[in-house]
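Notes follow the structure.
So that the names make sense, note that chain A is the first sequence line, chain B the second, and so on, each numbered from 1. A quick note: this is a predicted structure, and the numbers were derived from the prediction, not measured.
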Protein chains: 2
Amino acid sequence: MESIASILRNAGLKATPARLFVLRLLAETTKPLSHAEIEALARKEADAPPDRVTLYRVLEALTAAGLATKAVDRRGVARFSARDTHRRHERHVHFHCLGCGGVFCLTAPPPKPPRLPKGFRLEAAEFDVKGTCAQCAAKGKSGA
Amino acid sequence: MESIASILRNAGLKATPARLFVLRLLAETTKPLSHAEIEALARKEADAPPDRVTLYRVLEALTAAGLATKAVDRRGVARFSARDTHRRHERHVHFHCLGCGGVFCLTAPPPKPPRLPKGFRLEAAEFDVKGTCAQCAAKGKSGA
DNA sequence: TTTGCAAATGCAACATGATTGCATTTGCAA
DNA sequence: TTGCAAATGCAATCATGTTGCATTTGCAAA
């Protein structure tokens, strides 16, 4: 298996305590976590809880390196989850939960890009499916 | 025709200057506007620019009354649009030009939303197509 | 037309999430 | 072991949004 530290170094990031803690936390957690939640957990569990700002920068670095994904929930709060590197290149549609910011991979194939007016050049086509995931719907976090 | 004031009163809201200004602005604008953008426009155009907080409350009231739609953009900022404007664009595929930032409505029908796992609720399925528009392509201004 | 009052507004203060500047510390490769 | 670019801690600042409260106002009833 690959250690958290080597995952970081393979991505070109130094393996610092704050990064190790956050990446392990994201990998162990199914739901996307906000900065505030991560900070609270760090205060409880980490040996030397990192600074608030460091956590922001760690999350930024992990996202930039492709190890985490950032999404915004209904309240406008950024939420982060570990990125599943294995399925990165498969073609599939993502479902974005507006309640928790979670991203779920659907089995449906992506739709074909439409015809464009003359002269237009296609570069990317993204099918954005949004709604409420089962867990948030059950909690009643559904309505806006 | 129905005046902005009577639209407000029919929705059970008093027709105050701030509400008239905001609702008319949203109705005239295709792109969803943030609170900051609305405030800036109000400062320039309104006779007696409403307070920051009043604008927040106006937007809240319009949304609650069903006259406006609230959505959170990628940066986590709330954006508002008149409800019928929002409806008109719901069933369109949009082309985003990476060169000039322009948005074009395509004639192609949107793809059917995919099947979701049990308990998931669909709220929106948006097909966003990105590339270079004819004008930018001619100028060689390909995106980013 | 006048008037009463619930609703709307303005203002100040506060809350929360996120960013920036800078001095100090540290991971890690040479 | 050591040099240094990169990462961290800390303080300050910004952006977005909310709350409490005194004052004003839309509008419907008299």
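Whole-Å rounding puts the L13(A) CG to dA7(D) C1' distance at 11 Å. The CG atom of D47(A) sits 15 Å away from the P atom of dT8(D) (whole-angstrom rounding). To the nearest angstrom, P of dC28(C) lies 12 Å from CG of N10(A).
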Secondary structure of DNA chain C in dot-bracket form (Watson-Crick or G-U wobble, distances below 3.5 Å, | marking inter-strand pairs): ||||||||||||||||||||||||||||||
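Comparing dT8(D), dT9(C), dC27(D) against the side chain of V58(A) picks out dT8(D) as the nearest. Listed nucleotides dG26(D), dA5(D), dT8(D) differ in distance to P17(B); the shortest reach to its side chain belongs to dG26(D). Checking dT16(D), dA7(C), dG27(C) against the side-chain heavy atoms of T16(A) singles out dG27(C) as nearest.
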Annotated protein contacts, base or backbone, on nucleotides 18-25 of chain C with a non-hydrogen cut-off under 4.0 Å, one of B, S, - each: BBBB----
Residues 15-24 of chain A side chain polar contacts: donor-acceptor under 3.5 Å, at least two apart:
from, atom 1, to, atom 2, distance (Å)
T16(A), OG1, R19(A), N, 3.4
R19(A), NH1, K14(A), O, 3.2

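Counting non-hydrogen atoms under 4.0 angstrom, A61(B) reaches nothing in the nucleic acid.
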From CA spacing to verdict: salt bridge (charged side-chain N to carboxylate O under 4.0 Å, His left out), E39(B), R52(B): CA-CA 7 Å; E39(B) 192 191 3; R52(B) 234 167 63 78; 5.3 Å; no
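Looking at which nucleotide of DNA chain D each of R9(B) and R75(B) is closest to, the 5′-most match is held by R75(B).
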